[in-house]
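Presented below is the structure to which this report refers.
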Amino acid sequence: MLAATARVTRDLDVAEECVQDAYVAALATWARDGVPDSPGAWLTVAARRNALNVLQRARTLQSKLPLLLEPEAEEMPEDETIPDDRLRLVFVCCHPALSREAQVALTLRLVCGVATPDIADAFLLSEPTMAARLTRAKKKIAAARIPYTVPDAAELPGRIDAVLTVIHLLATTGHTAPRGERLLREDLLERALDLARMLVALLPSEPEARGLLALVLVLHARRETRGELLADQDRSAWDRAAIAEADGLVRSALAEGPAGRFTLQAAIAALHAQAPSWEETDWPQIVTLYGELLRVWPSPVVALNRAIAVSMADGPRVALPEIEALERDGRLAGYRYLPAAKADMLRRLGRNDEAADAYRAALALAENAAERGFLERRLRELA
Amino acid sequence: MTQYAVMIFEGADELPPEVLEAHGALPGRVAELGGKIVAGMALQPAGTATTIRGDLLTDGPFLESKEGLAGVFVLEARDLDHALALAKLTPVVKGGVEVRPLIGFSGAMD
């Protein structure tokens, strides 16, 4: 409803007010005449009518201003469908002219309807800080005139990637809180799942949207066991239906030619989710998939994950030089999983003193209570 | 249409002839793509600037940076996507451009 109304006003604050006015009108009208057959449609029509009135008033005002000469043609096709409006709103919220933080906050606020205090809470920020971030972003959208359009075919791949990245960020933030005791933020994960489903419905021919949905589904399937290392998780607690759905989506996305980074990540996640245990995982296949992922997305984090998979497929002796290369590379300095992975490989090679040093280095960087607990346990076992 | 200022931040001291030529051709290229350059100005090098802060005069630009403000033009475009596509045509040797909407020619209701 907000999306449809914002198309008319081109101003999100005004649109929000129009929607609220529509709810107020509904309370009065429905109490008198009964609830209509389609309350959602009634509200959308009412909100858009409010928006058109606001627009009309603004135009009248404008016609008196000599500087603003050309009133624009009325550009609201009547047969505009709601799904297109939602998609437009998603592309506005994830516009590359907005910072990633603003994209994430706007998507939660305007597409998912999450209240500002809850968004602030999810990202460990104060409410005024988050409110200011949202206000600034909405002002920029209005003043710089970020368009309410679905990008054309030439631009679409780059723009979709921003949308997918925002949804993925929500899911991973939901999956591992950066700090504190509570590792799972189910709300964010649920929102990411809703958004990913919506995106697949709105962009059915986009394989990466399916890849992303599969990836979020696997995270969601494992929500009960999060906080344990993947190797130690109780796999009987995983949601098998969600994993099966993810597997189907991965297969369908892979069938459409060269896979993108979300599809490849989903393929890896689905393989893990289907393995009977950590040891019995199809490690050679996972090494291959990480190799592909590294090709389309050359990130040192992907290289680290590949090295961990190599240590399982071919042994820690083969993988350790890759870890040492990443240390020399320097881009992962301060990233806690690098010393943690190194510690694990050294421990498996029986090089206990060096392993203990690496565990201590990882502990110095880890903030999450569950991860700290694991690292401390390993360190005690070595002593 | 909305108006945007395009501020050119250029790190090169001397512009090669082909860049100057491209600057000359810019209004035509913008017009071909449905936009319009309404006004424009090129600035003398930062070393010629004088800054006034309160009562204090200093020799040089307000903001010292490797890529100083070298010019500004005003662009008319349908929306930000259009404006960004047009602003990308600006020839720059070393640096970039900043695109910012103008007050009075932007906003929700026009």
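Every chain is numbered from 1 and lettered A, B, ... according to where its sequence line falls, protein lines coming before strand lines.
- Counted within 6.0 Å of CZ on A/Arg100, heavy atoms from surrounding residues, nucleotides or ligands total more than 12; the atom is thus considered enclosed.
- For A/Pro147 against B/Leu80, the heavy-atom pair with the smallest separation is CD-N, 4.2 Å.
- The minimum heavy-atom distance between A/Ala144 and B/Pro101, with the atom names listed, is CA-CG, 3.5 Å.
- Closest heavy-atom contact between B/Asp79 and A/Arg145: CB-O, 3.3 Å.
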B/Arg78 and A/Thr149: side chain to side chain contact (heavy atoms under 4.5 Å, CB included), yes or no, with the steps? CA-CA 12 Å; B/Arg78 286 190 298 275; A/Thr149 49; over 6 Å; no

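- Around atom CD of B/Glu98, more than 12 heavy atoms belonging to other residues, nucleotides or ligands sit under 6.0 Å away.
- Considering only residues two or more places apart in sequence or on other chains, B/Tyr4 meets the ring-ring contact (aromatic ring centres under 6.0 Å, His included) condition with none of them.
- Note that CD of A/Glu155 and CG of B/Leu84 are 9.0 Å apart. Values are rounded to the nearest 0.5 Å.
- Contacts of B/His82 classified as ring-ring contact (aromatic ring centres under 6.0 Å, His included), with partners at least two apart in sequence or in another chain: none.
- Crowding of B/Leu56 atom CG: a count of heavy atoms from other residues, nucleotides or ligands under 6.0 Å exceeding 12.
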